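All of these numbers come straight from a predicted model, not from anything done at the bench. Naming convention: chains lettered A, B, ... in sequence-line order (proteins, then strands); numbering from 1 in each chain.
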Amino acid sequence: MRSTIYRRLASYGIAIASTVVAILLSLWLQPFLERTIGAFFCIAVIVTTLYGGFRPVMVTIVLSTLAINYFFMPPLYQFTTADSADIIRLGGFALVSFVLNLLNSDLQQSKATIEQLSRRLIQENHDRLQMALAAAQMGLWDWNIVTGEIVWSPEHEQLFGFALGSFDGRYETFEARLHPDDRAKVSEAIQQALQHHTLYQHEHRVVWTDGSVHWLAGRGQAAYNEAGQAVRISGTMMNIDQRKQAEMALTRSEQQLRAIFEAEPECIKIISADGVLEQMNPAGLAMIEVDRLEQVRGQNVCPLIAPAHQQAFLAFIRQVSEGKPGILEFEIIGFRGTRCWLESHAVPLHFPGEATTQVLAVTRDITEQKQAEAEIKQLNADLEQRVAERTFELQQSNLLLNSFFNAASSAAIGLCIHDKDLRFLQINTALAAINGQPAKKHIGRTVAEILPQLAPIVEPLFHRILATGQPILNLEVSAEVPSKPGLMRHWLTSYFPILDETKAVKEIGGIVVEISDRKQAEAAQARLAAIVASSQNAIISKTLDGVIVSWNGSAEKLFGYSAAEAIGQPIGLIIPLDRLDEEMQFLTQIRQGESIQQYETVRRRKDGTMVDIALTLSPVRDARDTIVGASKIARDITEQRTLDRMKNEFISIVSHELRTPLTAIRGSLGLILRGVYDKKPDKKHRMIEIAAEQSDRLVRLVNDILDLQRLESGSMKLALQACDAAALMQQAADAMRVYAEEHQVHLSVTPLPISVWAAPDAIIQILTNLLSNAIKFSPTGGQIWLSAEPALQAEGTGMRAAPNSCSSVRFAIKDLGRGIPSDKLETVFERFQQVDASDSRDKGGTGLGLAICRKIIEQHSGRIWVESRLGEGSTFYFTLPMVEEDAGAKGTQCQPNGYS
Amino acid sequence: MPAKRILVIDDETVILEVIQGCLEELGDMECLMAASGIEGLQVAQTALPDGILLDVSMPGMDGLTVLRQLQENAVTRSIPVVLLTARVQPEDRAKFAQTGVAGVILKPFDPIALADQVAAVFKWTL
């Protein structure tokens, strides 16, 4: 406020002073500066305008005008004018001065305004500067090198950790705050700048009192005197902690990136948009087979690209540089000629302020991958080829399968495929026909739905296959099916798993072959085999070369060779040497398809004995009706031969036996008729006697033959009943008593009053026959005994009697005749057997009596035998079943063993 | 001319009697009789008959055995033998034919023709 008043007063003072000065000057210099008087007043006006202001200038103008008028215009020293020109001059001067005042005032005002504005601006700038400095943490410093005084701005103090106003302005204080490691460098940098008149720039650390370290960046410009010596240096200081941290972080980041860059096994490179290499890591250098970056930096990488890929590479680089990241695979040829495939991931790299965009590419060697891809591609191609082939094969296989399915139908082989739910997936017509349903009707349905009666058999098999994964082969299944009800049919079935790629069961396949015919054939064959096995005849088959192929049990029995011994051997094994020709003949006939029926011949057993056989040979044909061997049935005809022999012999004997009396009858009657003995009555009588006796003999013989025949054929059924043995004995003895007396043989009978189960007439026949023989063969005066006694039923049989079985009665007829040789004791009971020449034939016997006795006793379940000593006599025994007394008492009758 | 002597060997005595009647009464032959083969051999060897009428079926030594022994015996070898048999089976005949006998006469024979039949076989003139 005071200064403003002073300023105003000063301005008016200046106005007055300048006017006075002008007056004085003008007066002083009037003789020399006539025309310049007004000038001085103008100067005064100007000076006043410069330093006084508008109002003071008005004062100056007024004073100057008055002065001019008083001092310089006539009348001098008066305030009047004599000349209008002078008024005008004076008015002009006033005007001009007024104008100058206005102008100057404006100018001053403008200047003031400008100054004000400048001040404001300066203030503002100062404020801004302060703010900027504060924001930038920038301080200002000024070092008067001459005086050594250092002036810091408050911000600068803060930057050095000083409290505001606490800096003493000394270099040492400044230096003390520097980090010990930076002091020398700071000092050196200052010296360098001062010496070389360069800008001071240095970054250093300061250590605050709290021990914290801060980075500052100092910049300064020195001022020099005329001698070129630095007299002052001023500058700025700013905190660069953040920047340093950022730098350090950036440096660390850069180091990390560098480390990554260097260590990255993939190629990292930076190339320009036109392919010039700017940076590449060691991995990349190795990729292109160079040792140092300098060998390739700045060079275009395109020549390294395989010619076929260069265009694509350039386009790729261009694309990326235009801002579109991408991936490219290409082939390069290293400096040493090695080709490799690379995959490059590229992104645009644009730094602010740079006009061009580079390309940052991370490239990896995919040579192996490419090779693998090529191999995979080849494999895929191969695989596709194989898949195609396999598909073709599968198609063919499916076609084949379908053809097979159809063909199998033609061959009456049923085929089917079931899913895991046992539903039909596929079935051929053959199996569908077996099942009695159209094939289409099977699809999607189970066996239980199609053939309920077979499901219990088949479905467990399916489940087993699903569980085990194992096939079930050659299983015979029998059932009736709807297509042929009432007929049991047989099939040979095989079921097998169909596996998927994981070897799990995915489907079940089935093969069904009807074997009903085969089973029938097998049954027939089995029956035939059973017949063959059980046949009493030897059944042998042999090849056309005569090698034995089969040999049944009866062959073993007949010939003595086991099947193992015989099979494979030539048939000559059993053929006597003298019969080999007939075997050759047989084979010849067999080859011609002929059969040989009941050819009687002889074969040789293993033990060397011969056996009579009747052979029936038939050719054996195979399925093509080709004769492949011979079937031989050999019937042991030994017994038959024996029987035939016996029969023939019997017939011969019977014929002989019949013819013999006939001869006597015919001869004797012939002689009588001829009248040979008309004159010899004794002879004639003898002939008649012979005729009569032989006729009787003939009758007896015929009767005996017929009886024996009926007994042997079973047509003579004896009516058995309970009989009194004593009565039978007595009756027979009575019948033979006269005969005995005639032969002067004494007959002694010891009847046994016991019941026997017998046909009375037949027993009497036996007793009379045996008594007759005994009488015939007893010497004159001899003795015959007829007796009977109880015995075990098995007596004489050599068998043990059954417990509680009926006992038997043994009859005995003993004589004292000539006896029977031991070798005849059995044969005497055979037909027409004679002990010796002095036979009963001569004594009227037929030769059949004992045979008839045996047959009769056999029908009584008894036994007849003889015990004899030559020259001492014989005893004939026979047994009859005894009727038990209690059974008899109760009225029941004992059934002899074996009687029916 | 002395009568031909025929030895008749047969175990049936009644046959021997009949044959004796046929041959002696109708054939004017002298019959020697033997009731067994053994007896017949003895008689043949001793009597040396002109012919032998031999029954085949005899107990003990049958007629064929007797025949063989007669043929083996130098003494009796030349005596012609006629078999007398009731065995009429073809195989019997074939067997008899191979024995070297002069003939076979079947039983029953015609008694009236027996002598002529025997003479014819022995080629005798009655």
Side-chain angles (χ1 to χ4, degrees), chain A residues 644-645 647-680 682-698 821 824 832-845 847, chain B residues 8-28 31 34-41 53 55-63 65-66 83-96 105-118:
Chain A
D644 287 345
R645 232 180 353 259
K647 185 178 74 176
N648 292 336
E649 195 172 318
F650 176 72
I651 292 173
S652 176
I653 293 174
V654 168
S655 172
H656 176 272
E657 294 298 318
L658 290 173
R659 286 173 180 270
T660 300
L662 282 174
T663 302
I665 294 168
R666 189 181 183 198
S668 61
L669 291 177
L671 289 172
I672 292 172
L673 283 175
R674 185 59 184 266
V676 169
Y677 292 121
D678 284 349
K679 293 182 179 177
K680 296 178 180 178
D682 294 336
K683 282 281 189 183
K684 184 177 182 177
H685 184 268
R686 178 62 188 147
M687 291 294 114
I688 294 170
E689 193 177 56
I690 290 173
E693 286 174 355
Q694 295 302 304
S695 295
D696 291 339
R697 177 183 172 186
L698 198 58
K824 302 279 187 181
F832 302 117
Q833 293 299 315
Q834 301 174 33
V835 176
D836 57 22
S838 57
D839 186 66
S840 61
R841 217 77 59 75
D842 189 41
K843 299 181 185 301
Chain B
V8 182
I9 305 173
D10 197 321
D11 61 309
E12 293 282 345
T13 54
V14 293
I15 300 289
L16 288 174
E17 290 182 46
V18 169
I19 291 175
Q20 184 183 29
C22 294
L23 295 180
E24 287 183 350
E25 299 298 334
L26 297 177
D28 200 23
C31 280
S36 69
I38 296 174
E39 184 183 349
L41 284 171
L53 205 60
D55 183 24
V56 173
S57 299
M58 291 189 293
M61 184 183 290
D62 66 359
T65 307
V66 172
L83 294 177
L84 193 62
T85 180
R87 293 183 184 270
V88 298
Q89 302 301 320
E91 55 270 20
D92 294 323
R93 292 186 185 177
K95 189 163 69 175
F96 299 152
I105 295 176
L106 298 178
K107 294 178 181 177
F109 49 80
D110 181 356
I112 307 305
L114 180 63
D116 293 334
Q117 206 172 350
V118 169

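- Closest heavy-atom contact between B:P111 and A:R666: CG-O, 3.4 Å.
- For the pair A:T663 and B:V14, the minimum side-chain heavy-atom distance is 4.5 Å or more.
- Note that NZ of B:K107 and CG of A:L662 are 11.5 Å apart. Values are rounded to the nearest 0.5 Å.
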Steps toward salt bridge (charged side-chain N to carboxylate O under 4.0 Å, His left out) verdict (A:K683, B:E24): CA-CA 13 Å; A:K683 282 281 189 183; B:E24 287 183 350; over 6 Å; no
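- Chosen from B:V18, B:L114, B:D10, the residue pairing most often with chain A at heavy-atom distances under 4.5 Å is B:V18.
- The candidate from A:S668, A:P661, A:G670, A:G667 with the greatest count of non-hydrogen atom pairs under 4.5 Å with chain B is A:G667.
- Within residues 689-696 of chain A, the residues having any heavy atom less than 4.5 Å from a heavy atom of chain B are, in residue-number order, A:I690, A:Q694.
- Side-chain atoms of A:R674 and B:E25, non-hydrogen and from C-beta on, never get closer than 4.5 Å to each other.
- Residue-environment remark: CD1 (B:I112) exceeds the threshold of 12 foreign heavy atoms within 6.0 Å.
- Partners of B:E39 according to the side chain to side chain donor-acceptor pair (under 3.5 Å) rule, which considers only residues two or more places apart in sequence or in another chain, do not exist here.
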